[in-house]
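What follows is a set of notes on a single structure, which appears directly below.
Read the numbers this way: they start at 1 and go in the same order the structure lists the ligands and their atoms.
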Amino acid sequence: MRRVTFSRNFTLSLSRTCRCHCKYCAFATHRAHLYAPGEVERLLDDAQRRGAKELLVLTGEKPELNPEVAARLADYGHPDFTSYVAWACERAMERGMLPHTNLGVLTREELSRLREVTASQGLMLESVNAGLVVHQGSPTKHPDLRLDTIRAAGELRIPFTSGILVGIGESPAERVAALEALAELHAQHGHLQEVILQNFVPHPRYYGAEPARIADQAQRGQRAAGEELELPAWANPVSLDDMRLLVSECRRLMPGVGVQIPPNLSDWWLPLVEEGASDLGGLSANGDHISPEHPFPSPHRMRKLLRPRGYALSERLCVYPQYMDPEWLEPGVLDVIKLRYWSFIPRRGSGRREERAIRRELVPAAIAKAREGEPLAEDELTSLFSESRPEAIEDLRQAADELRAELAGDTVTFVVNRNINVSNICTVGCAFCGFGQGRRSPDAYEHSREQFVERIREAVEFGASEICIQSGIHPDWRLEDYEGWLRLAKQTAPQLHLHAYSPMEIDHLAADRPLHEVFARLRDAGLDSTPGTAAEVLHDGVRQRISPNKLPAARWVEIIEASHAAGLRSTVTVMFGHIEEPWELAEHMRVVRGVQERTGGFTEFVPLSFIPFHTLLGRTHGIEEISREENLRHTAVFRLALGGSVRNLQASWVKMGLDAATEALRWGVNDLGGTLMEESISRMAGSEHGVKLDPDDLIGAAHRAGRPAAERGTLYDIRRSHRLPLAA
Ligand code: SF4
């Protein structure tokens, strides 16, 4: 799965007055045009109402050269246009929006003034051909001037967007030369976050009309799409192959820089994404002011087109994640990100916020203590979860591997099981979930009794010893329904171990009944053990942020302890790699260890890394999938944090892939989980690691890691051993 990004923005064409006469432009006017402060405030209120995260300020070049604009600016108390733009940006930040300005060619001093109130700035290079017919009468379209501005932005450490126009009379070689010129500046300053490849589309002239109004009407569907116009004599036709070549040149010349394709100017954005374009630009709530008759497709529509092709459409901010630090952003701008959009800040170590000191000096002693199975204090665990130094990470790995060998031996276990997610209808709405659906969603499903029985029979044929039953929180299901599924399973295959119902489902089905009564009835219906899912992170601060409607941490503990008291064993999980902080993971481990000390009921600990792609957190909060390295490092820390309390540590191949799960066998893991056969929860969130493995796949993984394998039952009784093949 690959992310394709866009920014949810609102365009403010603060002034369309322009000193240039570019022949392709329908935006600029040579009369005086400037929004008054009251109008700006009204537009910003509108932007806020429409949920924009970015304010895109678009203007003509040097509007204050027009005497009437200069006079109005003076009336508003601004010595020049940059000062007025800065004022508008400040008002936008007060409303929680991040400004991105594109004012044309600017001096170093002007760029620097805007830097104080913007998250990023931009200027299209357009072309390196200084003699284009379209630019006659446009002094600031000279490539040298534009490159000077882009260079100055780099020197000032301004996250910057640039790009080229394609089809305005340039030759194919000049297009590539323009990209090379940008690549050279980026190599010097590292400030280009994205390059726009914008194809020219002819527009009518809008004499006397307001493009902002036309764009807004078009975006709201209140205006017929623009008719196809003939290419002017100075333009050259552009083909999909021309664009494909430019996408691949961008990627070759500037790896790591986003490649943006406007999705409203042609139908070819989809093939260009497949070619490697990574961004669909700012989808303005109020339309495209440069090409006003071309509304942006809705994110919903684009998402539907991208998803079956293996792409997840996700929001980004106007500033790319790698620039979200004090080197690139002024404190006031960074404050808006920290307050409003902190989940977009990339993970550093384990977390994103820096409000707690990480005591790195604790690490060596904490590793030594954990290696002996002793419990760690919160600040020790926090420092381990935050660790990023390669030598310390290798120490963590070794200690976790040794502890695994001591507690669980060398044998790698797995269970032959089948998951049945009976229904995904759910009323809870967790932001990290791609599985739960409203009853009327086209993706909602509910198995019939016949489908359920059919699945059990398939599992028996496959050789399964366990059925794991979990579903969404179905508004119509009562305790009797949950008992019914267990009874049906036991009637169909009495020999199967029934591992069923997360603490969230138990909370729902229990209603007001005492838990001991609930578990007695479920046991009577056939329940053999419970999954310790819905734990996410057992810290109410995190739970409030990612699943405010879910049961609180204390209720999770109460339910799990009640299940243990009823004689049922359970697993325990953690979901990590989203917005949790290291100290919150430390708290999770403290709670887990505490339960285990009281009940001894946990059979295994299962770290589940967050799959962001088709979830609210991934779509709108900028959360990316945790890297393989981070995943492995966390795995080792989980083993050390458990110490001697929980013997078995599992790697989830559904979340991390079998290859990484095999590597995890060197990081403290002794179990590879189940064959599953059916897995909807991770798959619907965008996991691509499949839904079923054969026992041979898991045995092969263990043997590749140089370890013997064994099929186990749910409670870790060994059913079949698979020794290492003798060396040839
Ligand atoms: S995680 Fe579970 S409770 Fe939350 S929305 Fe998904 S299915 Fe529902």
Pair K655, S682: side-chain N/O donor-acceptor within cut-off below 3.5 Å: yes

C430 N/O/S atom closer than 2.8 Å to atom 8 (Fe) of ligand 1: no

Enumerated ligand 1 atoms positioned under 4.0 Å from heavy atoms of C426: 3 (S), 5 (S), 7 (S), 8 (Fe)

Nearest-neighbour protein heavy atom for atom 1 (S) of ligand 1, which is reported as residue plus atom name and distance: K550 NZ, 3.4 Å

Heavy atom of the protein closest to atom 6 (Fe) of ligand 1 (residue, atom name, distance): C433 SG, 2.3 Å

Per-atom contacts, ligand 1 versus F432 - under 4.0 Å to a heavy atom: 1 (S)

With Y501, the ring pair (Phe, Tyr, Trp, His ring centres under 6.0 Å) member among W477, F519, Y482: Y482

Any S547 heavy atom less than 4.0 Å from ligand 1: no

Side-chain donor-acceptor contact under 3.5 Å, N670 with R639: yes

Heavy-atom closest pair, residues S652 and P607: CB-O, 4.1 Å

Contacting atoms of ligand 1, where contact means under 4.0 angstrom from a heavy atom of F435: 7 (S)

Verdict with reasoning, R543 to E536, per salt bridge (Lys or Arg N to Asp or Glu O under 4.0 Å): CA-CA 8 Å; R543 301 176 85 76; E536 325 311 356; 5.6 Å; no

Aromatic ring pairing F638/F605, orientation class (parallel under 30°, perpendicular over 60°, tilted between): tilted

